[in-house]
Undergrad: 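Below: one structure in C-alpha cells.
Order of the sequence lines fixes the chain letters, A, B, ..., with proteins taken first and strands second; residue numbering starts at 1 for each chain. Computed from a prediction, not measured in an experiment: that's the story for all the values here.
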Protein chains: 2
Amino acid sequence: MKIEDEIKSTVALDLSKKIILNIMYTNNILSEKFNEILKPYDLSGEQYNVLRILRGQKGNPANMCIIQERMVAKTSNTTRLVDKLLLKELVTRNVCPDNRRKIEVLITQKGLDILAELDPKVTAHENALTTNLSKEELEQLNTLLEKYRNQQQ
Amino acid sequence: MKIEDEIKSTVALDLSKKIILNIMYTNNILSEKFNEILKPYDLSGEQYNVLRILRGQKGNPANMCIIQERMVAKTSNTTRLVDKLLLKELVTRNVCPDNRRKIEVLITQKGLDILAELDPKVTAHENALTTNLSKEELEQLNTLLEKYRNQQQ
DNA sequence: TTTTATTGTTCGTTCTAACAATTTATTACT
DNA sequence: AGTAATAAATTGTTAGAACGAACAATAAAA
C-alpha cells in the first residue's frame with residue numbers, strides 16, 4: 001500500500017515529505033513485528049540489541065561507552081538497559097580493574113542461548129521482508145538510504 | 001557514512017539485516033532532528049503529527065478514531081495526546097451531538113498559527129535532506145520502501 | 001422492549017525514553 | 001603534590017509508550 005493510503009492522507013504530498021513518512025512508517029512496522037517476536041522472551045528491542053552487541057564482542061567485555069556507540073538508538077540509557085539484562089541473568093557486570101570508572105559487561109551462556117533461540121526467527125522475518133526485491137534492488141535501497149541520511153543538515 | 005560504520009559493527013552484515021538497521025538508524029536521525037525543531041514549541045513529534053492531521057481536516061472535526069488511523073505510529077494513546085494539546089489550547093474537544101460516543105476535535109487558531117510558524121522550518125529540513133538525490137532517486141527510494149514494506153509477513 | 005454485542009473513548013498501571021544533574025575515577029597542569 | 005578538567009557511569013525526574021480494563025453510548029437481535 002502507498003504511504004498516502006496508509007495514513008489516509010487527504011492532501012497530495014510532495015516527494016520529500018513522502019520519503020520521511022515512508023521511512024517512519026516502515027520503521028514502525030519493523031519495530032512492531034520485532035517486538036512481537038521478542039515478547040515471549042520478555043526482551044525489548046533495545047535489550048535485544050545490547051545482547052547482540054555483546055555477542056559480537058566474542059568474549060571480550062564491553063563497557064558502557066562501547067555499547068552506547070554501537071546502539072542504533074544513541075539516546076538510550078545504557079545503564080538501565082544493562083540493569084534489566086542483569087536481573088534476568090543474561091549479562092554480568094564488573095568494575096574494570098585497569099580503570100575503575102569503566103564497567104565490563106559480558107553476555108552469559110543464558111544470554112547466548114536466548115539469542116541462539118531467537119536467531120532463526122529473526123532471520124526468517126528479515127528474509128521474508130526481502131523476498132519480492134531483487135539483490136540489485138536491495139543494494140539500491142541501502143545505497144539510497146545512506147545517501148539520503150548523509151546530507152548536510 | 002555506511003551503516004556498519006555508524007554502529008561500528010564488528011561482523012559483516014548480510015543485506016537483509018543491513019536494510020533493517022539502515023531504516024531504523026535513518027528513522028532515529030530523522031526523529032532527533034524533528035524533535036530539535038519542535039522543542040522550542042514544546043511539542044512532541046506525535047503532538048505535531050496530530051495537529052497536522054487536524055489541519056488537514058480543513059475545518060471538519062475529527063474524532064479519535066480518525067486521528068488514530070491517520071497517525072504514523074498506530075499505537076499511540078490518542079486521548080492523552082489530545083489532552084496535552086487541549087492544555088496548550090491548540091485544539092478544542094467536544095462531544096459529538098449526533099453520536100455521543102464520539103468526540104469532535106478541532107484545531108484552534110493558536111494551533112494553526114504554530115503550524116504556520118513551523119511550516120517553513122520543517123520544509124527546509126525536509127528539503128535539505130534531499131539535495132543530493134535526484135528526483136528519480138527520490139522516487140526510487142519511495143517505491144523501494146513501499147515494495148519492501150508490503151511483503152507478505 | 002429487554003438483552004446482547006459492538007463501538008468510541010478514557011483511565012490505570014507499568015515500563016521505557018529523554019534529559020539533566022551528580023558521583024566517582026582518572027588525567028592534565030602548574 | 002594539589003587542584004582543575006575530563007571521562008565514565010549512575011541516578012533523579014518528567015513525559016511518553018504500551019497494553020488492558022473499564023465505561024458509556026449505540027446498534028443489532030431476540
Side-chain angles (χ1 to χ4, degrees), chain A residues 24 27-51 61-88 91-106, chain B residues 24 27-51 61-88 91-106:
Chain A
M24 288 187 163
N27 178 72
N28 286 335
I29 302 282
L30 285 176
S31 303
E32 273 172 31
K33 184 66 187 177
F34 246 101
N35 289 334
E36 209 174 290
I37 295 175
L38 296 176
K39 199 169 183 187
Y41 297 87
D42 191 28
L43 283 176
S44 72
E46 291 304 329
Q47 287 172 19
Y48 173 67
N49 196 214
V50 170
L51 283 182
N63 61 33
M64 297 296 191
C65 282
I66 289 181
I67 295 173
Q68 182 108 32
E69 73 179 11
R70 297 195 179 175
M71 284 187 21
V72 183
K74 305 295 187 198
T75 57
S76 298
N77 194 323
T78 315
T79 300
R80 282 175 179 135
L81 278 174
V82 171
D83 277 349
K84 295 290 158 58
L85 295 172
L86 196 65
L87 276 176
K88 298 174 200 160
V91 303
T92 59
R93 178 169 64 179
N94 291 300
V95 174
C96 171
D98 297 338
N99 184 341
R100 285 183 306 168
R101 285 174 305 183
K102 293 189 182 179
I103 298 289
E104 294 188 334
V105 184
L106 279 166
Chain B
M24 289 187 163
N27 178 72
N28 286 335
I29 302 281
L30 286 176
S31 303
E32 273 172 31
K33 184 64 187 177
F34 247 102
N35 289 334
E36 209 174 289
I37 295 175
L38 296 176
K39 199 168 182 187
Y41 298 86
D42 191 28
L43 283 176
S44 73
E46 291 304 330
Q47 288 172 18
Y48 173 67
N49 196 212
V50 171
L51 284 182
N63 60 33
M64 296 296 191
C65 282
I66 288 181
I67 296 174
Q68 182 108 32
E69 74 180 9
R70 296 195 180 175
M71 284 187 21
V72 183
K74 306 293 187 199
T75 58
S76 298
N77 195 323
T78 315
T79 299
R80 283 176 178 135
L81 276 173
V82 171
D83 277 349
K84 294 292 158 60
L85 295 172
L86 197 64
L87 276 176
K88 297 173 200 161
V91 302
T92 59
R93 178 169 63 178
N94 292 300
V95 173
C96 171
D98 298 337
N99 185 339
R100 287 185 301 167
R101 285 175 302 184
K102 292 190 182 179
I103 297 288
E104 293 188 335
V105 184
L106 279 166

Undergrad: What is the separation between atom CG on A/N28 and atom P on D/dA17, rounded to the nearest whole Å?
TA: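 The answer, rounded to whole Å, is 11 Å.
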
Undergrad: When the distance from CG of A/D83 to C1' of D/dA9 is rounded to whole Å, what number comes out?
TA: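 From A/D83 CG to D/dA9 C1': 11 Å.
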
Undergrad: Can you tell me the distance, in whole Å, between the CG atom of B/D98 and the P atom of D/dA27?
TA: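 Rounded to whole Å, this separation is 10 Å.
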
Undergrad: Where do B/V82 and B/I67 come nearest, in terms of heavy atoms and distance?
TA: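 Taking every non-hydrogen atom into account, CG2-CD1, 4.3 Å.
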
Undergrad: Looking only at side-chain atoms of B/R80, point me to the closest of C/dC19, D/dA9, C/dC11.
TA: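 From the listed options, C/dC11 comes nearest.
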
Undergrad: Tell me if a side-chain donor or acceptor on A/Q47 pairs with a main-chain N or O of A/L81 at a distance below 3.5 Å.
TA: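 Side chain of A/Q47 to backbone of A/L81: no pair is present.
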
Undergrad: Both B/P97 and A/T78 contact DNA chain D. Which one's nearest nucleotide lies toward the 5' end?
TA: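 Counting from the 5' end, the first nearest nucleotide belongs to A/T78.
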
Undergrad: Give every pair of a protein N or O atom and an N or O atom of nucleotides 2-8 of chain C that lie under 3.5 Å apart, one pair per line with the distance.
TA:
unit_1	atom_1	unit_2	atom_2	d
C/dT7	O2	B/R101	NH1	3.2

Undergrad: Figure out the CD/C1' separation between A/E32 and D/dA17, and round it to whole Å.
TA: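 Taking CD of A/E32 and C1' of D/dA17, I get 12 Å after rounding.
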
Undergrad: Return the nearest nucleotide to the side chain of A/E46; candidates are D/dT10, C/dT26, C/dA17.
TA: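 When the side chain of A/E46 is considered, C/dA17 is the closest of D/dT10, C/dT26, C/dA17.
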
Undergrad: If the cut-off is 4.0 Å, is A/R100 near the phosphate of C/dT26, judged by side-chain N/O to OP1 or OP2?
TA: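 Result: yes.
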
Undergrad: D/dA15 P sits how many Å from B/N35 CG, rounded?
TA: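 Whole-Å distance recorded here is 15 Å.
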
Undergrad: To the nearest Å, how far apart are A/N77 CG and D/dA15 P?
TA: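 Result: 18 Å.
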
Undergrad: Using side-chain contact (heavy atoms from CB on, under 4.5 Å) as the criterion, point out the one residue from B/E69, B/R101, B/R93, B/K102 that pairs with B/M64.
TA: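 Answer to the side-chain contact (heavy atoms from CB on, under 4.5 Å) test with B/M64 among B/E69, B/R101, B/R93, B/K102: B/R93.
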
Undergrad: For A/I103 and A/V95, what are the C-alpha separation, side-chain angles and deciding distance, and is it a side-chain contact (heavy atoms from CB on, under 4.5 Å)?
TA: CA-CA 5 Å; A/I103 298 289; A/V95 174; 4.2 Å; yes

Undergrad: Mind calculating the distance between CZ (A/F34) and C1' (D/dA18) to the nearest angstrom?
TA: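 It works out to 19 Å between those atoms.
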
Undergrad: Identify whether the distance between the nearest side-chain nitrogen and carboxylate oxygen of A/E36 and A/K39 falls below 4.0 Å.
TA: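 No salt bridge links A/E36 with A/K39.
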
Undergrad: Taking A/S31's backbone N and O only, do any of them form a donor-acceptor pair with A/N35's side chain (distance below 3.5 Å, no angle check)?
TA: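 Between the backbone of A/S31 and the side chain of A/N35 there is a qualifying donor-acceptor contact (under 3.5 Å).
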
Undergrad: Tell me which of B/K39 and A/Q47 sits closer to the 5' end of DNA chain C, going by the nucleotide each one is nearest to.
TA: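 Counting from the 5' end, the first nearest nucleotide belongs to A/Q47.
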
Undergrad: When you measure from the side chain of A/K84 to the backbone N and O of A/S44, does any donor-acceptor pair fall under 3.5 Å?
TA: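 Not at all, since once roles are kept as given, no pair shorter than 3.5 Å links the two residues.
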
Undergrad: Would you say B/K84 reaches D/dA15's phosphate, i.e. side-chain N/O to OP1/OP2 under 4.0 Å?
TA: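 Answer is no, no contact under 4.0 Å.
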
Undergrad: Atom CD1 of B/I66 to atom C1' of C/dT9: distance rounded to whole Å?
TA: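 Interatomic distance, CD1 of B/I66 to C1' of C/dT9: 14 Å.
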
